[in-house]
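None of the values given here were measured: they were computed from a predicted structure. Lettering of chains follows the sequences in order, A, B, ..., and the numbering in each one begins at 1.
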Number of protein chains: 2
Amino acid sequence: MNKSALIAQIKQKESFLCIGLDVDLAKIPTHLLEKKDPIFEFNKQLIDATHNLAVAYKPNIAFYEAYGIKGWKSLKKTINYLNKNYPEIFTIADAKRGDIGNTSTRYAKAFFEDLNFDSITVAPYMGSDSVEPFLAFENKTTILLALTSNKGGLDFQGLKTNTGALYKNVLKTALTWKNAQNLMFVVGATKPAYFAEIRKIVPNHFLLVPGVGAQGGNLQEVCNHGLTKDCGLLINSSRGIIYAGNDINFAKAAKKEAFRLQQEMKIILNENN
Amino acid sequence: MNKSALIAQIKQKESFLCIGLDVDLAKIPTHLLEKKDPIFEFNKQLIDATHNLAVAYKPNIAFYEAYGIKGWKSLKKTINYLNKNYPEIFTIADAKRGDIGNTSTRYAKAFFEDLNFDSITVAPYMGSDSVEPFLAFENKTTILLALTSNKGGLDFQGLKTNTGALYKNVLKTALTWKNAQNLMFVVGATKPAYFAEIRKIVPNHFLLVPGVGAQGGNLQEVCNHGLTKDCGLLINSSRGIIYAGNDINFAKAAKKEAFRLQQEMKIILNENN
């Protein structure tokens, strides 16, 4: 999927919501555990209930990998289901991969070709040749970690260098890489004060923003500094939506929570026009 | 496996060789492609031929992930084969994972529990709570990227801060984390001049050193500054060994190359005593 298709979807749905499919078998409604593939069943019902309210889904790969080959099968069924039934949806493999050049190409093939995701999250520590192999794929998006929302996020990302904090160097340097137009960046919502600074460096690139909801970030604050004329934001919510309910009506509860966020987004988008 | 078992193995085998199992179906001998699981068959024959000469095996997970569920099955068979037949071997999942706290725990479970690797490589960009969940596992080792051997390695790792280059900050900071005794570090062999500096910060920790051979690093130079009284080095070679031959005798060719390296290591270890 290219960027203009994503922007069209945001306009049509009046939403820039991304739903994180971080499935924990210990947290899903117990009646699903009797199903043949509880993870896929959980995802399928969530997707069917919320696809009109969200523009993107983001399975965090760790949650699937933790269940071994069974988990990979559930992941494959989930992405296939999305691609077949809701091809307009932007899909994100939250994998945080990155390795030396020829090895990164392997990861890119795994997620862009074998699984046919639209995008993948990538870690920047190994530099240009660890990221450019992902950027080389046409109509695919590479979402580079810049400023993450976790407790230890600033341990290194906030380190001061001659040319600003490390995360600013990551943003600036990434813009010089081949096919930088295929980039988005991860910027955590728990640090809304940073968005103004970040927009000075990347005024137009889309930002994937985790940390709204369970991690404590505030949607309006993020939008104040983060929105662009094309929206330019994907706001992710995982636990707040997918575990909104815990019984047979869990998908309805998820839909209700997704709707609440989409309504907030609709107002923000209209104010921004 | 704990550190003293690894050190005992190094002394017994007079080797600190790690063999990288980075299997590319386009490069393995063609007669293997007729087998039911060519990747596993290739690994099995390599392991059987070289296990007396190497102390560690390191599959790079990207090469398995690229083949989807089939690749994960080959990986699982490979690690099970190693654990069953050569339990003395130190196994490394070269996965370069890392995510926010509860998610890193998922990755740790995937590699330490489901697959039962002794160790995993981890990327530092997300800081303390992305690495400590790996460190929390007893008798397991977390191998943190410090200074990598690829072309873009210094893009960020070499950035100067008030407290030295970024990679030095990673080393220093990691030592302050909970269970830091379970750490090793990745340091590329193509930069042997850095080893003296690195040993000032981590005088005793084991370093996993890729880049000897195909990537151009020199074994003797690395050892001049990197060796400790317990050896303290694991030198990885992948392509130079596993693709040493390309016909029915490929495992013999691999053994010959592994033997050549082991003999160099034996001399170095004896000089060091």
Side-chain angles (χ1 to χ4, degrees), chain A residues 22 24 60-69 71-73 76 94-111 113-115 123-132 145 148-157 159-163 166 169-170 173 177 210 215, chain B residues 22 24 60-69 71-73 76 94-111 113-115 123-132 145 148-163 166 169-170 173 210 215:
Chain A
D22 304 347
D24 182 343
N60 186 309
I61 306 306
F63 285 79
Y64 299 83
E65 214 163 279
Y67 297 114
I69 287 159
W72 279 93
K73 284 186 179 166
K76 186 143 192 166
D94 193 0
K96 302 187 174 74
R97 298 297 195 259
D99 207 309
I100 62 171
N102 67 336
T103 311
S104 269
T105 302
R106 300 272 150 174
Y107 280 128
K109 279 174 189 281
F111 289 99
E113 290 181 355
D114 184 53
L115 292 168
Y125 191 71
M126 295 180 74
S128 59
D129 63 313
S130 71
V131 183
E132 285 183 340
L145 300 184
T148 60
S149 52
N150 59 311
K151 183 170 69 77
L154 289 175
D155 283 357
F156 304 122
Q157 296 161 31
L159 276 180
K160 289 205 174 59
T161 77
N162 300 335
T163 46
L166 174 60
N169 277 276
V170 168
T173 303
W177 291 339
Q215 291 180 56
Chain B
D22 304 348
D24 181 343
N60 186 309
I61 306 307
F63 285 80
Y64 299 83
E65 216 164 277
Y67 298 113
I69 287 159
W72 279 92
K73 284 186 180 165
K76 187 145 190 163
D94 193 1
K96 302 188 174 73
R97 299 298 196 258
D99 207 309
I100 62 172
N102 67 335
T103 311
S104 269
T105 302
R106 298 272 151 173
Y107 279 128
K109 278 174 190 281
F111 289 99
E113 290 181 355
D114 183 54
L115 291 169
Y125 192 71
M126 296 180 72
S128 59
D129 63 313
S130 72
V131 182
E132 284 182 341
L145 300 184
T148 60
S149 52
N150 60 311
K151 182 170 70 80
L154 290 175
D155 283 357
F156 305 121
Q157 296 161 31
L159 277 178
K160 290 206 172 60
T161 77
N162 301 334
T163 46
L166 174 60
N169 276 275
V170 167
T173 304
Q215 289 180 56

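Between chain B and the residues A:K151, A:E113, A:E132, the largest count of heavy-atom pairs under 4.5 Å involves A:K151. Of the listed residues (A:S130, A:G68, A:A66, A:P124), the one with the most heavy-atom contacts under 4.5 Å to chain B is A:P124. When A:L115, A:N162, A:V170, A:T148 are compared by the number of non-hydrogen pairs under 4.5 Å with chain B, A:V170 comes out ahead. Note: A:D155 leads A:D155, A:D22, A:T173 in heavy-atom pairs under 4.5 Å with chain B. The choice from A:T105, A:D24, A:V131 that makes the most heavy-atom pairs within less than 4.5 Å of chain B is A:D24. Counting heavy-atom pairs closer than 4.5 Å to chain B, the top residue among A:A62, A:G153, A:A110 is A:A62.
A:Q157 is listed as a side-chain neighbour of B:M126, based on a closest heavy-atom distance under 4.5 Å. Residues A:L159 and B:L166 form a side-chain contact, since some pair of their non-hydrogen atoms from C-beta on lies under 4.5 Å apart. The shortest side-chain heavy-atom distance between A:R106 and B:Y67 falls under the 4.5 Å cut-off. Using a 4.5 Å cut-off on side-chain heavy atoms (C-beta onward), A:K96 and B:Y125 make no contact.
A:T103 touches chain B through backbone and side chain together, each having a heavy atom under 4.5 Å away. For A:I61, the parts sitting under 4.5 Å from any heavy atom of chain B are the backbone and the side chain alike. Within the 4.5 angstrom heavy-atom criterion, only side-chain atoms of B:N60, from C-beta onward, approach chain A. With a 4.5 angstrom heavy-atom cutoff, A:F111 touches chain B only via side-chain atoms.
A donor-acceptor contact under 3.5 angstrom links the side chains of A:T161 and A:N169, judged on distance only.
Partners of A:D114 by salt bridge (charged side-chain N to carboxylate O under 4.0 Å, His left out), not counting sequence neighbours, listed by chain and number: A:K76. Taking A:L154 as the reference, A:L147, A:K191, A:Y194 meet the side-chain contact (heavy atoms from CB on, under 4.5 Å) condition, with sequence neighbours excluded.
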